[in-house]
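One structure below.
A note on names: the letters A, B, ... follow the listed sequences, proteins ahead of strands, and every chain is numbered from 1.
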Amino acid sequence: MSDIRWSYAINQFRPHQFDKFVRRDDQERAFKVLSALGFRYLELQASSGRWQPLGRPELIERSFGSLDGFARALHDCNLTGISSVYWNPSMPIEEDGYEYRSARNPEHVEKIVEAARPFAAMLGALGGEVLVGRATDQFAAGGELTDSDIAAVASAWNAVGAMTATYGVKTVVDIDTLSAFRTTEQIARLLELTDPETVGLSVDTGDVTIAMHDALELISTFANRLGHVQLKDAVHVDELGEYAQPGADRKLLLNGGSRKITRWSWELGVEGGRVDLPGVISTLKTNYYDGWVVVETNFGRAPAEIAMHNSWYIQNHLDTDFKRK
Amino acid sequence: MTPTPKWSYMDHWAIDSDQGRTSPYISRDHMERYIHQLSALGFRGFDTFTFSLFPLAQMFGSVVGFEKFLQANGFDKITGVFTAYPSATESRAPHRAETHEAIIGDIKNSIAAVDGLSVENFIVMPTNTYFMVEPNSTEKIKTTADLWNRAGALIRDAGMKLTCHFEFWGAIRTREEIDLFFEYTDPELVYFFCDAAQHTIAGLNPTELYLAYQERCTGFHFKDTHNVDPGEEYRTPPDPELMSPTVRRWFYEMGTPEGLVDFPALAKAIVDTNYDGWLTIEHDKADTDGGNYAEATCIAKWYIDNVLDEAMGVAK
């Protein structure tokens, strides 16, 4: 029997300003907002530096005294714990000497594994279950994937997966809007080459829709490897293929591309939303999915308003037992 | 066994839109979204202003149509309507008997506007703002009481209770003034509505006041404050709530560390006295200085779920 578990991506509460959402009291208010709305678990987003106190284990320890202190702070806000951490190994960060790493590059594998280790250890210590890794850097960084690229990426995630398994944590790879993985066949090949025991797939319903995939089809096709779902809606799609341009992360996602799309990530059930969200949940249940469904609506206007709307949508359209779980 | 408290929400909200910061009353779409958001938190009652009934009817076909929309989203009904005359005018000033006929006419119109509903509380601000009434006197309070006795009879006949909500800046604000007002009003016609923050700002203890008038109490506004009026801010023209020289924001949601109201004590008193009416969350001007209605309302509901339920012995 399917037993979907709900979580909420806390990064929604952090605006596009790196010096905001830093104070612990601001974070605890966000925890209480989500608790009041029925969520009991959070997904953290790996980040960097003193103004991202939820972004790395050592930063959490500095802000909350220890990982136990962080767990207590969550419990004090009536949250149960952490479901997962989202991590982009290609983001150059202060803590790793600002090195650029790509899962396509076999020479980077060891460094990627070691960069992932603190998050795996933290998840293990906090009872979290899933490390969500961006499968590879964006398309424009390396162009069209070759067979050997996919094999290299698979090797990297097999190594990460083997490492995280030692902490009791499953690794899942995420196919984002700008990913070099553009086709179902490429994703299938990546999964064929990875160990199903330690490496799974994450489907972000909004991101894959923007990238011109059918989210429902991806979930159905790869149901046996699905280890994590991020649930968001999308109104616009990248029908012009602007993911391929250099700097697409800023030009397309932040600046809206040539059509000046002001917002890509939408709350659940938004008017004009393209994701069949009831269909997604129904498909997950049909496939006996018992993993995490993490609600994420990054970069909207008012985080609490969006979270209220997302909770309402879940309660009324997706899972009538949501608040009793 | 403690009955499950019935929580309602007093209609204050603002949203970010493409038209800037605005009320949800700009469109039915925005109103629906606002109600969905409250519904997510499990509120069962909705209180609104009498001046909002007309736009609600415009958007939903009728006020009854709006109530049906509420009910489709988990609410029981519209529980209260609030009316007020903050400013004393030639034609509307409760302390001047010659204006009473006009005010009674307004009350009749408001009663007609809620026809077909089962509103329980007809909430009034019984006086104008203090600076427009002063110097206050026993005679003015008695004249004010005469008005609300008369209105209370009409409202009772319409199946509601007239209940008085005292502002810290109203002309009835001290314990002596409140006692005098209730002495002159008929307990069968005029009731008490306890706003925790307003009384605290006025230097009163809302729990003590509730216990003194619990037999006449028909509702509460659960909101907090960080400041007792430090002097005579209540006299500030034209509006002490927004133009006080020393306090930029008077009202806060429950659960802020600086909050002055002892809500667990108030909640316990409510249980101990077997009060079984509505409890209302109100966030008046919650977006002052960067605040946010949605966040404040979630925090208040978190406080209910995690602090007040325990104080009230609510079974989980």
Notebook entry, point to check: Given that the side chain runs from C-beta out, which part of A:Glu305 has a heavy atom under 4.5 Å from chain B: side chain, backbone, both or neither?
Noted result: both
Notebook entry, point to check: Taking C-beta and beyond as the side chain, do B:Cys298 and A:Met308 meet within less than 4.5 Å on heavy atoms?
Noted result: yes
Notebook entry, point to check: For atom NZ of A:Lys251, is the number of surrounding heavy atoms from other residues, nucleotides or ligands below 6.0 Å larger than 12?
Noted result: yes
Item checked: Residue pair A:Arg29 / B:Thr256, side-chain heavy-atom distance below 4.5 Å -> yes
Note to self: Do A:Val33 and B:Ile299 have side chains that approach each other closer than 4.5 Å (heavy atoms only, starting at C-beta)?
What the structure shows: yes
Notebook entry, point to check: If you count heavy-atom pairs under 4.5 Å with chain A, which of B:Asp305, B:Asn292, B:Ile15 comes out on top?
Noted result: B:Ile15
Notebook entry, point to check: Does a sphere of radius 6.0 Å around CZ in A:Arg24 hold more than 12 heavy atoms from other residues, nucleotides or ligands, not counting ones at 6.0 Å or beyond?
Noted result: yes
Item checked: Exceeds 12 heavy-atom contacts within 6.0 angstrom, atom CD of B:Gln19 -> no
Notebook entry, point to check: Contact part of B:Glu32 toward chain A, heavy-atom cut-off under 4.5 Å: side chain, backbone, both or neither?
Noted result: neither
Notebook entry, point to check: Just wondering, more than 12 heavy atoms not from B:Asp276 lying within 6.0 Å of its CG?
Noted result: no
Next item on the list: Provide the closest heavy-atom pair for A:Asp76 versus B:Trp302 in the form atom of the first, atom of the second, distance.
Entry: O-CZ2, 3.2 Å
Note to self: Using a 4.5 angstrom heavy-atom cutoff, name the option from A:Ser35, A:Ala302, A:Ala36 with the most pairs to chain B.
What the structure shows: A:Ala36
Margin query: Do A:Trp312 and B:Asn73 make a side-chain contact, defined as non-hydrogen atoms from C-beta onward lying under 4.5 Å apart?
Written below: yes
Checklist line | Pick from A:Asn316, A:Leu37, A:Ile314, A:Asn310 with the largest number of heavy-atom pairs that fall under 4.5 Å of chain B | finding: A:Leu37
Check: So with a 6.0 Å cut-off around CD of A:Glu239, is the heavy-atom count from everything else above 12?
Finding: yes
Checklist line | A:Arg250, CZ: over 12 other non-hydrogen atoms inside 6.0 angstrom | finding: no
Check: Do other residues, nucleotides or ligands put more than 12 heavy atoms under 6.0 Å from A:Arg23 CZ?
Finding: no
Next item on the list: Inspect the contact between B:Arg33 and A:Glu267 and indicate whether a charged nitrogen and a carboxylate oxygen are less than 4.0 angstrom apart.
Entry: yes
Item checked: Heavy-atom neighbours of B:Glu310 CD exceed 12 at 6.0 Å -> no
